[in-house]
Amino acid sequence: MNIVDQIKEHAQLAIKNVFEQEVGYDLLTVNLTKPEFEGDYTLVLFSFVKQLRKSPEQIGALLGENMVQQFPEMYTGFNVIKGFLNLVVTDAYWINYLQNNYTKSTFTIPQAKAKKIVLEYASPNTNKPLHLGHLRNIFLGWSMAQILHHCGHDVVKTCIVNDRGIHICKSMLAWKKLANGATPQSSNMKGDHFVGHYYVLFENELKAQAQPIIDKIIAGDISGFNDATTTQLEKLTAALAKATEQEKQDKIKDDIKEIGRNQTPIMQEAREMLQQWEAGNEEVLTLWKKMNGWVYEGFDATYNRIGADFAKTYYESETYLPGKKFVEAGLEQGIFYKKEDNSTWVDLTPDGLDEKLLLRGNGTSVYITQDLGLAQEKYDDFKYDESSYVIADEQNYHMKVLKLILQKLGKPYADGIFHLSYGMVELPTGRMKSREGTVVDADDIMDEMAQVAKAKTEELGKVKDFSQAELEELYETIGLGALKFFLLRVDPKKKMIFNPEESIEFQGFTGPFIQYTHARIKSMLREVYPNAELTKEVTALQPKERALVVLLEQYDVIALQAGLEHNPSLIALYAFEVAKVFNSMYADSEYKILKAENEIKKHLRLQISQLTASVIANAMQLLGVKVPERM
RNA sequence: UGGUUUAUAGUUCAAUGGAUCAGAACACUUCACUACGAAUGAAGAGAUACAAGUUCGAAUCUUGUUAAACCAACCA
């Protein structure tokens with residue numbers, strides 16, 4: 001049991017002994033003692049002073065006395081300041097902890113109420129390669145799965161591939177028109193980049209075709225469109241004439257732009273292709289399969305490089321039909337309803353939301369339709385207790401609606417739906433936009449990071465005896481480590497800013513700093529392995545030794561918290577703290593390890609070092625970051 | 001116009017309603033390799049958007065103001 005829980009139990013007992021009262025476990029708060037006070041852990045008394053009808057100072061003194069008396073092997077002393085009871089834990093406790101754990105290699109936490117958790121992440125479109133935003137998603141998802149597994153749960157990683165829709169048709173159409181039968185092999189390009197290239201070509205052509213139309217409309221000429229469009233344009237141009245603020249004008253112009261884009265011949269062609277796809281046109285389907293195949297080859301290479309994996313991959317082309325059936329079932333239950341144009345809706349206004357469309361008038365599905373079907377399918381497949389979705393925060397509303405609809409239908413799994421919402425990665429100039437070519441490509445950034453790792457490694461010249469293969473592996477480990485750590489060290493809920501002008505740091509609060517600390521410890525352990533026989537008689541710790549062991553003991557609590565809060569950044573923060581505290585001790589001439597003042601001290605510090613290395617390696621592995629033996 | 005979210009050193013990030021000093025990292029100014037690995041350590045300077053309120057106590061909770069992002073699509 002970790003020390004915080006032990007202290008809480010002891011406090012409950014002491015309250016019972018002294019006051020003959022019960023205080024709820026939830027009312028007990030145990031924190032680390034602030035460095036400016038004496039002690040290791042602090043019991044906050046304010047929450048139950050009223051119940052015990054004494055001043056905080058009196059309560060603290062009585063409880064402290066009782067705890068020290070009852071558990072002398074655990075506490076040597078205490079002090080009370082205002083409403084805080086600071087407890088000093090014995091060195092014997094920490095030494096005992098160290099001896100029992102320093103050889104440990106697995107840190108998995110047993111879980112009495114293990115849950116079956118389906119965790120969906122990555123979920124790319126198949127019309128363009130992965131970018132930095134996807135990487136945040138993938139690292140976050142993979143890490144969360146790892147953390148939840150570490151906390152004793154049964155985790156199934158899944159992926160939904162958005163493999164159909166107008167965006168795919170755009171790439172297909174551009175390829176058909178412009179490629180002359182080129183393939184990724186013949187162009188010497190990675191498959192996903194190859195397909196993405198044609199997506200860009202399509203967008204360029206679209207832009208060129210749309211511009212004259214947009215200019216014409218803004219000039220006031222709205223002739224030559226069908227009735228519905230004409231009416232829409234009349235409204236927009238009228239509004240534009242009236243709008244005085246720049247912002248408002250821009251917004252209206254955006255709407256006009258969208259209409260202009262839709263009126264282009266090339267867009268019409270893309271839509272026709274989508275209809276042909278839905279109708280099962282042989283030629284279109286063949287092309288679709290071929291191009292998606294290229295994309296999957298590219299994705300697999302990237303997944304393989306970063307260590308992403310999935311127990312099951314779902315494809316939207318297969319889930320959108322079950323989604324429709326799912327909606328029909330809801331219609332029969334009377335939860336959904338039809339409007340006169342035959343479209344299907346659900347009314348969420350009683351819950352403070354809007355009416356939501358579920359099927360178009362022509363019977364085709366919309367975005368949420370397939371998500372409803374997929375939720376059911378995943379439940380049929382895995383009978384989950386919790387179904388987590390790693391999806392950006394722009395879809396908070398969508399996910400709220402999804403969960404609510406499932407709850408309205410009385411689905412047993414509805415409450416287990418959890419949106420692991422994360423903030424978008426932005427550039428200093430704002431959001432990344434693929435249409436404007438301001439995306440940071442995933443493969444490029446990984447290559448860059450490996451390059452920086454290479455340059456730095458060669459400059460330092462510490463691994464000159466490595467083979468070429470070992471070197472390549474090391475550059476990957478360090479470069480990817482820096483990138484993963486950079487993206488995971490921030491609270492997932494918050495948006496983060498990435499500046500491509502400044503390469504990611506290798507110093508300070510970074511992956512390589514922690515990897516370095518690990519390698520440094522390993523180089524000592526290669527020379528001398530700690531011998532527990534020699535440290536049996538140790539009874540006291542010096543301040544920095546003690547501080548480090550106290551920190552290492554917290555690993556379980558941190559891991560549990562990270563799982564509970566769905567927040568890997570807690571692990572990153574913790575691993576950094578451990579490395580920092582170790583380095584501070586290591587650099588201090590009072591704490592020499594291999595050249596310690598005597599054999600006992602030497603082996604004691606080696607034990608601490610070994611536990612440090614194991615905790616670092618384990619924590620980093622929860623983030624998907626490898627730690628090298630040498631670097 | 002409504003809903004959600006965010007605002008902390010020059011920059012990027014921390015801080016279950018808790019302490020007398022809001023922590024780090026980068027950048028900046030110094031110092032330390034004839035020291036177990038300097039991808040390091042040590043020292044210095046620097047911040048809670050604004051205004052009220054709630055209470056023993058507020059960066060944190062409430063309200064308002066200002067600014068930004070997202071959502072509110074028969075796009076996915």
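To find a chain, count down the sequence lines: A is the first, B the second, and so on, and within it residues start at 1. Values below: all heavy atoms of this structure, side chains included; hydrogens, waters and symmetry mates excluded. On a predicted model such as this, the values are computed, not experimentally measured, just so you know.
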Check your understanding: So what does A:Met424 touch, heavy atoms closer than 4.0 Å: a base, only the sugar-phosphate, or nothing?
Key -> nothing
Practice item. Rounded to whole angstrom, note down the P distance from B:rA22 over to B:rU60. Key: 15 Å
Point to revise | Interatomic distance at C1', B:rG41 relative to B:rA35, whole Å | key: 12 Å
Review point. Taking only residues two or more places apart in sequence or in another chain, which ones pass side chain to side chain donor-acceptor pair (under 3.5 Å) with A:Tyr367?
Key: A:Gln395
Practice item. Might you confirm whether atom NZ of A:Lys602 has over 12 heavy atoms from other residues, nucleotides or ligands at distances under 6.0 Å? Key: yes
Practice item. Using a heavy-atom cut-off of under 4.0 Å over every strand shown, decide if A:Lys400 touches base, sugar-phosphate, or nothing. Key: nothing
Exercise for review: Please check if any side-chain donor atom of A:Asn31 sits under 3.5 Å from a side-chain acceptor atom of A:Thr42, or the reverse.
Suggested key: no
**Study point:** Side-chain N,O (A:Arg520) to OP1/OP2 (B:rG41) below 4.0 Å
**Key:** no
Check your understanding: Just one of A:Lys493, A:Lys494, A:Arg489 clears the salt bridge (charged side-chain N to carboxylate O under 4.0 Å, His left out) bar with A:Asp491, so which one?
Key -> A:Lys493
Practice item. Sticking with atom C1', work out how far B:rG23 lies from B:rA19, rounded to a whole angstrom. Key: 15 Å
Point to revise | Selection from B:rA35, B:rC13, B:rG37 that lies nearest to any side-chain heavy atom of A:Met524 | key: B:rG37
Practice item. Kindly indicate, with the supporting measurements, whether the criterion salt bridge (charged side-chain N to carboxylate O under 4.0 Å, His left out) is fulfilled by A:Asp465 and A:Arg630. Key: CA-CA 11 Å; A:Asp465 56 319; A:Arg630 294 174 58 195; 3.0 Å; yes
Point to revise | cation_pi(A:Arg136, A:Tyr422) dist<6.0 Å, angle<=45 | key: no
Exercise for review: Tell whether A:Asp341 reaches the base of B:rC74 with its side chain through a donor-acceptor pair below 3.5 angstrom.
Suggested key: yes
Point to revise | B:rA47 versus B:rU12 - spacing of their C1' atoms, nearest Å | key: 14 Å
Exercise for review: When you get a sec, tell me which of B:rA19, B:rA39, B:rC70 is the closest nucleotide to the side chain of A:Lys34?
Suggested key: B:rA19
Exercise for review: Could you tell me whether A:Gln370 contacts a base, only the sugar-phosphate backbone, or nothing, with contacts defined as non-hydrogen atoms closer than 4.0 Å?
Suggested key: sugar-phosphate
Review point. In whole angstrom, what separates A:Asp393's CG from B:rC70's C1'?
Key: 7 Å
Exercise for review: Looking at every strand, decide which applies to A:Gln515 at a 4.0 Å heavy-atom threshold: base, sugar-phosphate, or nothing.
Suggested key: nothing
Exercise for review: Rounded to whole angstrom, note down the P distance from B:rU34 over to B:rG44.
Suggested key: 25 Å
Check your understanding: Given B:rC13, B:rA19, B:rG41, which nucleotide is nearest the side-chain atoms of A:Lys82?
Key -> B:rA19
**Study point:** Upstream residue (5' side of RNA chain B) when A:Leu594 and A:Phe509 are each assigned their closest nucleotide
**Key:** A:Phe509
Exercise for review: Compare side-chain N and O positions of A:Arg489 against OP1 and OP2 of B:rA14 and report whether any pair is under 4.0 Å apart.
Suggested key: no
Review point. Which part of the nucleic acid, if any, lies within reach of A:Arg630 when heavy atoms closer than 4.0 Å are counted: base, sugar-phosphate only, or nothing?
Key: base
Check your understanding: Looking at residues at least two apart in the chain, or sitting in another chain, which of them share a ring pair (Phe, Tyr, Trp, His ring centres under 6.0 Å) with A:Phe48?
Key -> none
Revision key, fill the gap. Hits for side-chain contact (heavy atoms from CB on, under 4.5 Å) against A:Arg431, two or more places apart or cross-chain, chain-then-number order -> A:Glu394, A:Met424
Check your understanding: With centres under 5.5 Å and planes under 30° as the test, does A:Phe513 stack with B:rA39?
Key -> no
Exercise for review: Please answer whether B:rG18 and A:Phe46 are stacked, defined here as ring centres separated by less than 5.5 Å and planes angled under 30°.
Suggested key: yes
Exercise for review: Select base, sugar-phosphate, or nothing to describe what A:Thr517 touches, counting heavy atoms under 4.0 Å on all strands.
Suggested key: nothing
Check your understanding: Among B:rC13, B:rA76, B:rA39, which nucleotide sits nearest the side chain of A:Tyr367?
Key -> B:rA76
Check your understanding: For A:Tyr397 and B:rG2, what is the distance between atoms OH and P respectively, to the nearest whole Å?
Key -> 16 Å
Review point. Which comes earlier along RNA chain B counting from the 5' end, the contact point of A:Thr29 or that of A:Ile521, where each point is its nearest nucleotide?
Key: A:Thr29
Practice item. With A:Lys339 as the cation and A:Trp345 as the aromatic partner, state whether NZ or CZ is under 6.0 Å from the six-membered ring centre and within 45° of the axis. Key: yes
Exercise for review: Please evaluate the base of B:rA39 for a donor-acceptor partner in the side chain of A:Thr457 within a cut-off of under 3.5 Å?
Suggested key: yes
Check your understanding: Would one find a side-chain N or O of A:Tyr586 under 4.0 angstrom from OP1 or OP2 of B:rG41?
Key -> no
Check your understanding: Are any of the side-chain nitrogens in A:Glu597 or A:Arg605 under 4.0 Å away from the carboxylate oxygens of its partner?
Key -> yes
Practice item. Pick the C1' atom in B:rG46 and in B:rU29, then give their distance to the nearest Å. Key: 12 Å
Review point. Reckon A:Asn127 touches a base, only the sugar-phosphate, or nothing at all at heavy-atom distances under 4.0 Å?
Key: nothing
Point to revise | Minimum-distance nucleotide (side-chain atoms of A:Asn162 versus B:rA76, B:rA39, B:rU16) | key: B:rA76
Revision key, fill the gap. Regarding the side chain of A:Phe37, the nearest nucleotide among B:rA24, B:rU20, B:rG37 is B:rU20
Review point. When all nucleic acid strands are considered with a 4.0 Å heavy-atom cut-off, which category describes A:Leu573: base, sugar-phosphate, or nothing?
Key: sugar-phosphate
Practice item. Measure the distance from CD1 on A:Ile558 to P on B:rU16 and round it to the nearest whole Å. Key: 11 Å
Point to revise | Sugar-phosphate only, base, or nothing, as touched by A:Ala519 at under 4.0 Å among non-hydrogen atoms | key: base
Exercise for review: Sticking with atom P, work out how far B:rG64 lies from B:rA25, rounded to a whole angstrom.
Suggested key: 39 Å
Check your understanding: Is there a ring pair (Phe, Tyr, Trp, His ring centres under 6.0 Å) between A:Phe513 and A:Phe576 once you walk through the steps?
Key -> CA-CA 8 Å; A:Phe513 172 90; A:Phe576 174 60; 5.3 Å; yes
Review point. At under 4.0 Å between heavy atoms, what does A:Asn499 touch on the DNA or RNA strands: base, sugar-phosphate, or nothing?
Key: nothing
Exercise for review: Quick one: label A:Ile497 by what it contacts on the DNA or RNA (base, sugar-phosphate, nothing), any heavy atom closer than 4.0 Å.
Suggested key: sugar-phosphate
Exercise for review: Give the nucleotide from the list B:rA39, B:rA25, B:rC13 with an atom nearest to the side chain of A:Phe506.
Suggested key: B:rA39
Review point. Given B:rA19, B:rC74, B:rU40, which nucleotide is nearest the side-chain atoms of A:Thr33?
Key: B:rA19
Revision key, fill the gap. Picking from B:rA19, B:rA14, B:rA76, the nucleotide nearest the side-chain atoms of A:Asp491 would be B:rA14
Study note, to complete from the structure: Parsed dot-bracket for RNA chain B after applying the Watson-Crick and G-U rules with both distances under 3.5 Å and | for other-strand partners is (((((((..((((....[....)))).(((((.......)))))....(((((..]....))))))))))))....
Practice item. Determine the contact category for A:Tyr516: base if any of its heavy atoms lies under 4.0 Å from a base atom, sugar-phosphate if only primed atoms, P, OP1 or OP2 are that close, otherwise nothing. Key: base
Review point. Of all the nucleotides listed (B:rG41, B:rA39, B:rC74), which has the minimum atom distance to the side chain of A:Ala587?
Key: B:rG41
What's touching nucleotides 42-48 of chain B from the protein side, N or O pairs under 3.5 Å?
residue : atom : partner  : partner atom : Å
B:rA42  : OP1  : A:Ser584 : OG           : 3.2

Check your understanding: Under the ring pair (Phe, Tyr, Trp, His ring centres under 6.0 Å) test, which residues partner A:Phe84, sequence neighbours left out?
Key -> A:Phe46
Check your understanding: Any cation-pi pair here, A:Lys170 with A:Tyr199, using under 6.0 Å and within 45°?
Key -> no
Check your understanding: Quick one: does NZ or CZ of A:Arg164 land under 6.0 Å from the six-membered ring centre of A:Tyr320, within 45 degrees of the ring axis?
Key -> yes
